[in-house]
Amino acid sequence: MLWYHYVFGAVLIVASIIITIVVLMQEGRSQNLSGAIAGGADAFLGKAKGRSIEEKLEKITKWLIVIFFVVVLAAFLIFLFIG
C-alpha cells in the first residue's frame with residue numbers, strides 16, 4: 001500500500017468520528033414536543049441560546065458531511081486511476 005492510502009484512511013476515520021460526536025451532541029427532534037407539553041417552562045433567553053447552538057451544530061454537521069463526501073470521492077478516483 002502506498003502512503004496516500006494511509007492518509008485517506010486516517011482522514012476518513014477522524015472525520016467519521018467527528019461527525020458521530022457532532023450528531024450525538026444535537027438534541028433529538030422529539031425534544032421540542034416535551035416543551036410544548038410541559039407548558040413552556042424554559043426561559044425565553046435560554047431557548048434562543050439553545051437554538052443558536054443547535055443551528056451551529058447543524059451547520060457544522062452539514063459541512064463535515066460535505067467534506068467527508070468529497071474526500072471519499074477523491075479517494076475513489078485516485079485509487080481507481082492511480083492505484
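Only heavy atoms go into these numbers, but all of them, side chains included; no hydrogens, no water, no symmetry mates. Since this is a predicted model, take the numbers as computed values, not measurements.
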J.: Check L64 against I18 and note the closest heavy-atom contact, atom names and distance.
T.: CD1-CG2, 3.5 Å
J.: Could you tabulate the donor-acceptor pairs under 3.5 Å formed by side-chain atoms of residues 6-17, not counting sequence neighbours?
T.:
residue, atom, partner, partner atom, Å
S16, OG, L12, O, 3.1
S16, OG, I13, O, 2.8

J.: Can you tell me how far apart CD1 (I78) and CG (L73) are? Round to the nearest 0.5 Å.
T.: 10.0 Å
J.: In the single-linkage hydrophobic clustering (I, L, V, M, F, W, Y; side-chain heavy atoms under 4.5 Å), do F69 and L80 co-cluster?
T.: yes
J.: Going hydrophobic residue to hydrophobic residue with side-chain gaps under 4.5 angstrom, can you get from I82 over to F76?
T.: no
J.: What orientation do F79 and Y4 show, parallel under 30°, tilted 30 to 60°, or perpendicular over 60°?
T.: parallel
J.: Looking at every heavy atom in both E54 and E27, which two are closest together, and how far apart are they?
T.: OE2-N, 3.2 Å
J.: Same hydrophobic cluster for L2 and V71, using side-chain heavy-atom links shorter than 4.5 Å among ILVMFWY?
T.: yes
J.: Got I53 and K56 here, is their nearest side-chain heavy-atom distance under 4.5 Å?
T.: no
J.: Return the CD1 to CD1 distance between I60 and I21, rounded to the nearest 0.5 Å.
T.: 12.5 Å
J.: Show the nearest heavy-atom pair for residues Q26 and L57, with the distance to one decimal.
T.: NE2-O, 3.2 Å
J.: So if you build clusters from Ile, Leu, Val, Met, Phe, Trp, Tyr with side-chain heavy-atom gaps below 4.5 Å, do V23 and V72 land together?
T.: yes
